[in-house]
Every structure is written in structure tokens, then in C-alpha cells.
Amino acid sequence: MRASQFFFSTLKEAPAEAELPSHKLMMRAGMIRRVASGLYNWMPIGFRVLKKVEAIVREEMNRAGAIELIMPAVQPAELWQESGRWEFYGKELLRLKDRHERDFCVGPTHEEVITDIVRKEVRSYKQLPLNFYQVQTKFRDEVRPRFGVMRAREFVMKDAYSFHTDFESLKQTYQVMYDAYCRIFQRLGLQFRPVAADTGSIGGTGSHEFQVLADSGEDVIAYCPTSDYAANIELAEAVAPTTPRPPAAVALEKIHTPKVKTIADLVAFLNVDIKQTVKAIVVEAEDGAPVLMLLRGDHELNEIKAEKIAGIKSPLTFATPESIQRAFSAQPGSLGPVGFQGRIIADRTVAVMADMICGANEDDHHLLGVNFGRDCAEPEVADLRNVVVGDPSPCGQGELALCRGIEVGHVFQLRTKYSEAMKCEFLDREGKLQPMEMGCYGIGVSRIVAAAIEQNFDERGIIFTDAMAPFTVDIVPMGYRRSEAVQQAADQLYADLTALGVDVLLDDRDERPGVLLADGELIGIPHRVVIGDRGLKEGVVEYQHRQDSEATKVNLDQLLSVLKAKLNLA
RNA sequence: CGGGGCGUAGCGCAGUCUGGUAGCGCACCUGGUUUGGGACCAGGUGGUCGUGAGUUCGAAUCCCACCGCCCCGACCA
């Protein structure tokens, strides 16, 4: 591509709306432009990058035996009513009516449509397993779109759905997809980690997320530095302490604690170790009754773990102040287990505590020296909290560390949730009708672009890998329109590289050298060849990788072979 | 939806408190000089100051309502 024939729209300053480095750089590089909240134009440079990512995803999906098709973005309500998700999906589902007042939605995902396809097309176990995928625009009416295309409402997703006769077959394909995802993210040059994950609103059993490691990520990952254990903090197990509960050492004592409402207040007021304090959180049971959850003062409630406990209302609902007043005769900030008649669930850490400090169920009062079995009943015990740095790893091999990640892929074992609801069945060897086992596998294609930039940039701009770059080589002539020698050398190299199938940009724009160099760096072209009269006199040009600190001189007669080596061409 | 902030030229901003007919840098256009790191000189284009309704002789500025955008919390590729 000749730059003079292409469209550049780089900016020196990023719009104020952009916060993250990736968002700012994508705006400055002219890759994307905002149309409305969470809706973006992919400008020519950004579009090229998007297509590069798609190409790799397609190659690896095809290699893994998945079959591409495409489904409509707009889907009829009937299918969603059949799966039950018309009711449960909530406001993220953009619903609309056609001219006949019939209900439709803009697809946030395609389980229903693909299941509809397969139940109509597939009859026999002989036709299974099958794995279909598409690369398609999805729409989720996010509560808060942000960070540019990182969390957009409309985004490009690769979604695949597999169908099986049995769980074994599902697990096999799940593993094949897992491996394919690893290859994809490796080829894209991303620093990533597969982590065990919660299944969320998609439903099903086993699930892994593929997280690109970045401080700006919205997810927190717990991992073990000495093993390959890694899990989303939503799921990461806080293992039960192995130490037994110490015997009670002090007597129960009620003290006046005016204006002490939080654990921080309590620690400051009493000047005690936060690890002796217990916080009380009241949630609703399925029947609406208050349930008391107890956590050590320095720990956080994990709502996902909490709502999975039998009898607890899901989604997790905190008790209202009125219901708390009725059940405890006190307000939040002064609550505790002593005297409470309802269900009490203690976190595993709390279960082995003695001489606890907690609310007295009397406003402005706390209790010292609270002990289970002596001052109140033994509680139920469950894993209720988020893991923290230093917790023993569930793998048994070390201590957990935390980092942040951007979720770019997610694989699920759906099992028969959709096939049963939608009667997606096949005849087995015995001629018996069975629901198909299903898996689904998503990759956030447009998000990957942002995530890759988040991980690879410097003060000059984006640093793309060859695999993702809008152009692989940037030919920068110094004075293309002034020097015949320069023009000739640049044109020759352009022709040679084009013949080799290299995605090359010849920057023949009539701009000052600084502009050409700066633009090439901003949009992240990995390889650059600078051609000028100065070097040509000595028969050399300059090569510089985007990550090199300076250029190296290359003899013209070796240029092509040097570049071939840099580009990993035969 | 709750809390905080912001809307003035394509982008970044000043002006708003204290009302008086809108400004700076970048970008863009013309001419000239330049040409190995975002040039210089001269001249120019471009804004119903988010929208509506008020107060006032007069509103970017004051009042009210609405809309949009960004950030922090509940969703997820």
C-alpha cells in the first residue's frame, strides 16, 4: 500500500474521553472513532488490525476442526423464550419489535440460534460431534461501556458451539478448543493465562477464561507462582485453615463503642488487630429470611460463592435495613452472631477463630471475647471470601498471588442446558432419543486488539507484533519527491516485498521526515526501512525494528535477505 | 440506576466566579522559504459556546429543565 493512496488520520493529542493507554493510542492512531457510547467505527488502519486477528482466529479454528458459518445479528424472541433467557438475560439484551410488532433481540450471543440449527439438521449420533463457529458482531447493552473497544456495546466476537453424543466427547472438544485458544493467543504475541472461571449467565459446568495480563484489566486473577494453578478471584477457593481453633481465653464482654460503624472504626477505637475482628453481612435466603454471614474483618465477601450456597437467594440480595432491624434489633455496624436466632454461615477462616470481636446486636455496642459453642451456636461453615495474597494455593504447592487481567476468551462446558430446553436431540445407537451435550467457546476479537495494545506500547505509540500489525514493513523514503535515487530504491524495495507477499507500506506522502517516522511509530508498524540519499551514497539503508533503540545500516545488496530473515520468510 | 466531573472550531484547552457581541495551541487552506525526527514566515477558513425555556437593555457567563460524554460501584468476549 502506498501511503498517498491510503487514509491516515493520526492525532497529536488524544480526545479527553479516552482514559486507558490503549484507548488513547487507538484514537490517536486513527484506528477507531466513536459513534455513540460503546459504538465505534473501525477506521482503515484499525480495520486492518482487526482483520489480522480474525485471520489467525479462523486459521486456528479451522485447524481445530471447527466449521465456519454465520448467523443473523437479529434473532426472534421465540428462541429466547424457549431457552428461558428472554426472561433471565436482563437489560443487556437489546430487545426490539419489527413492523408487525413481533419481538426480536440483537444477539448478544448465539446459543439459541445454533441450537435451533442443529436440532433441525442433525438426527443421528453418526453426525456428531460437530463444532460450528462464526465471527460476528454482537450487541450487549452494557450498563457502562468504557475504555473504547475494550468494553463496547457492539463488538466483534468469534463464537463456537460444539455438539456431542456424550460428556466424554464434549470434554475432548473442550480440550481441543482450549489448546487452539492457547495457540491463537501465542501467535498473537499476547502474554496471557488460562484461568478457571465462573460460568455466569451462560450456564453450564466447567469453564476457563483466557486472560491477557494487564494492570488495567477489570478482572482479578489468583495464581500460584510455583504451579500452573490460576483462577478468577470469583472462583478461587480460599482453602480451610489447617490450624485448629484455639481454646477460648477471655470472657465475653460488652463494651460501648459510640459511632463505630465499620471495621476500620472498630480497629482504630479499640486499637486491636483487625484479624481478631469479625464483620457481619446479612443477606436474604430464598424465602426472604435474613441469613448472617461472618467474615474476618480484613476479608471481603465473595458474592458469587455466597449466592451458590444452598438456600441463599441468587442473585445475592442484601437484607434491607428494616429486615435487619427486625431480626437483630440493631443496625449494620453493630451486628454479630450472639443472640441471633436465624441461619449463620461463617467463613472458613472465622470458623477457627476464638475470642472474636464483633457487633453486639445493640446499636453502638460491640462484644469482646466471643466464642462459638460458648456464646453462640456453632455456625455452618463455608468458603465465603475472596482469596488474598499469601493464602495457601488450592493446588497445595505454594501461596497465591494476585494480578489483573483482560478476559479475551472464555470456554464453557454447557452440557445439556440448551439442548434440553430446546429439544436438541439425536438418536443413539440403541435408537433412543438423547439431548446433545454442548460446549461453547468465545473470543473477543475486537477486545483483543485493545488488550494487545494495552500490553505493548511505549511513549512513541503502539508496538504491534508482525501478526497483528496493520502493515508489517514501513518503507520511509527521505525525500521521495525530491530524490530520484531515493524514489527508485524505495519503489524497488516496495515491489520486491510486495512480490514476497509482505504487507508493506510505502510512505510516499509529501510530508516532512519527522511526520512519516512519527506516524509509523504511532500506528505500531514493527519493521522500518529508512531510505535516504545520505545512505544510498554508501550503498546502505537503515533498518530498525519498532523495539530497537536505534537503526542499523544494511547494504542494499543484502537488504532483501536481511528482511526475509527478520520477517521469518524462507 | 446511585455517587462525582465535564460539554466553547476537527483535537487539546482558556474565558464562566464578577453578564457587554468569543480567544489560544495543534490541525486545515493559499503563497513563499524549507526538507534525516511532528518546520518557518505571511495571509486565511472554520464556532446558533450541548439543547430548550427563562431572568436581563444585553447571556458562553445567572436560574430551571432536558440531552450527551467521562470517571467510581452492580455485567461480561
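Proteins get letters first, then strands, A, B, ... in listed order; numbering begins at 1 in each. Please read all numbers here as calculations on a predicted model, not as lab measurements.
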Would you indicate what [X] reaches in the nucleic acid, counting non-hydrogen atoms under 4.0 angstrom: base, sugar-phosphate, or nothing?
{"X": "A/Glu92", "answer": "sugar-phosphate"}
{"X": "A/Glu521", "answer": "base"}
{"X": "A/Val530", "answer": "base"}
{"X": "A/Gly532", "answer": "base"}
{"X": "A/Ala450", "answer": "nothing"}
{"X": "A/Arg509", "answer": "nothing"}
{"X": "A/Ala14", "answer": "sugar-phosphate"}
{"X": "A/Arg481", "answer": "nothing"}

Want to settle it: does A/Thr10 or A/Val149 sit nearer the 5' end of RNA chain B, counting the closest nucleotide to each? A/Thr10

5' priority, RNA chain B, between A/Ile531 and A/Glu218 [closest heavy atom]: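 Residue closer to the 5' terminus by nearest nucleotide: A/Ile531.
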
Looking only at heavy atoms, what is the nearest atom pair of A/Met468 and A/Val49, with distance? O-CG1, 3.4 Å

Any idea which heavy atoms bring A/Met177 and A/Ala64 closest together, and the distance? CE-CB, 3.7 Å

Which nucleotide, [options], lies nearest any side-chain atom of [X]?
{"X": "A/Phe155", "options": "B/A77, B/G12, B/C70", "value": "B/A77"}
{"X": "A/Arg512", "options": "B/A39, B/A77, B/G36", "value": "B/A39"}
{"X": "A/Ala16", "options": "B/U35, B/G12, B/C76", "value": "B/G12"}

Distances under 3.5 Å only, N/O to N/O: pair up the protein atoms with those of nucleotides 71-73 of chain B.
from	atom 1	to	atom 2	distance (Å)
B/C72	OP2	A/Arg144	NH1	3.0
B/C72	OP2	A/Arg144	NH2	2.8

Mate of [N] where both pairing distances stay under 3.5 Å, Watson-Crick or G-U:
{"N": "B/G25", "answer": "B/C11"}
{"N": "B/U33", "answer": "B/A39"}
{"N": "B/A65", "answer": "B/U51"}
{"N": "B/A59", "answer": "none"}

side-chain contact (heavy atoms from CB on, under 4.5 Å) filter on A/Glu459, not counting sequence neighbours, yields none

A/Ala214: which residues meet the side-chain contact (heavy atoms from CB on, under 4.5 Å) condition with it, sequence neighbours left out? A/Ser216, A/Ile406, A/Glu454

Rounded interatomic separation in angstrom, taking [atom1] from [X] and [atom2] from [N]:
{"X": "A/Arg33", "N": "B/C69", "atom1": "CZ", "atom2": "P", "result": "18 Å"}
{"X": "A/Ile443", "N": "B/A77", "atom1": "CD1", "atom2": "C1'", "result": "9 Å"}
{"X": "A/Glu542", "N": "B/G37", "atom1": "CD", "atom2": "P", "result": "11 Å"}
{"X": "A/Arg34", "N": "B/G10", "atom1": "CZ", "atom2": "P", "result": "14 Å"}
{"X": "A/Phe8", "N": "B/G10", "atom1": "CZ", "atom2": "P", "result": "24 Å"}
{"X": "A/Glu111", "N": "B/C76", "atom1": "CD", "atom2": "C1'", "result": "13 Å"}
{"X": "A/Arg153", "N": "B/A77", "atom1": "CZ", "atom2": "P", "result": "18 Å"}
{"X": "A/Glu209", "N": "B/A77", "atom1": "CD", "atom2": "P", "result": "8 Å"}

Euclidean distance for [atom1], [N] against [M] (whole angstrom):
{"N": "B/G2", "M": "B/A60", "atom1": "C1'", "value": "31 Å"}
{"N": "B/A39", "M": "B/C26", "atom1": "P", "value": "11 Å"}
{"N": "B/G46", "M": "B/G23", "atom1": "P", "value": "13 Å"}
{"N": "B/C49", "M": "B/A9", "atom1": "P", "value": "10 Å"}
{"N": "B/C1", "M": "B/G44", "atom1": "C1'", "value": "50 Å"}
{"N": "B/U61", "M": "B/C17", "atom1": "P", "value": "9 Å"}
{"N": "B/G12", "M": "B/C70", "atom1": "P", "value": "13 Å"}
{"N": "B/C24", "M": "B/U33", "atom1": "P", "value": "28 Å"}

Test for a donor-acceptor pair under 3.5 Å between the base of B/G38 and the side chain of A/Asp519, counting only N and O atoms.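 Answer is yes: a donor-acceptor pair is held.
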
Within the modelled atom types, does a donor on one side and an acceptor on the other bring the side chain of A/Arg151 and the base of B/C75 under 3.5 Å apart? yes

For the side chain of A/Ser22 and the backbone of A/Ala451, is there at least one donor-acceptor N/O pair under 3.5 Å apart? no

Is a donor on one side and an acceptor on the other found under 3.5 Å between the side chain of A/Asp265 and the backbone of A/Lys261? yes

May I ask you to evaluate whether A/Arg534 reaches the phosphate of B/G36, defined as a side-chain N or O under 4.0 Å from OP1 or OP2?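 For B/G36, neither OP1 nor OP2 has a side-chain N or O of A/Arg534 closer than 4.0 Å.
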
Ignoring backbone atoms, test whether A/Ser37 places a side-chain nitrogen or oxygen under 4.0 Å from the OP1 or OP2 oxygen of B/C70. yes

Under 3.5 Å donor-acceptor pairs involving side-chain atoms of residues 184-194 of chain A, not counting sequence neighbours:
from	atom 1	to	atom 2	distance (Å)
A/Arg187	NH1	A/Glu59	OE1	3.0
A/Arg187	NH1	A/Glu60	OE2	2.7
A/Arg187	NH2	A/Glu59	OE1	3.1

On the ring face of A/Trp80, is A/Arg95 found with NZ or CZ under 6.0 Å from the centre and within 45° of the axis?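 Judged by the rule (NZ or CZ under 6.0 Å from the ring centre, within 45° of its axis), A/Arg95 is not positioned above A/Trp80.
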
Ring centroids only, cut at 6.0 angstrom: are A/Phe8 and A/Phe6 within range, meaning strictly under it? yes

Centroid-to-centroid, A/Phe210 to A/Tyr178, below 6.0 Å?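 So the answer is yes for these two rings.
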
Please verify the inter-ring angle class for A/Tyr174 with A/Tyr441; under 30° counts as parallel, over 60° as perpendicular, anything in between as tilted. tilted

Hey, are [Y] and [X] close enough side-chain-wise for a donor-acceptor pair under 3.5 Å?
{"X": "A/Tyr480", "Y": "A/Asp507", "value": "no"}
{"X": "A/Tyr418", "Y": "A/Glu111", "value": "no"}
{"X": "A/Thr472", "Y": "A/His527", "value": "no"}

Do A/Arg58 and A/Glu68 touch side chain to side chain, with heavy atoms closer than 4.5 Å?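 Yes, side chains in contact.
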
In numerical order, the residues of residues 39-60 of chain A whose heavy atoms come under 4.0 Å of RNA chain B are none

Can you check each nucleotide of nucleotides 25-33 of chain B against protein heavy atoms at under 4.0 Å and return B for base, S for sugar-phosphate only, - for none, in 5' to 3' order? BSS------

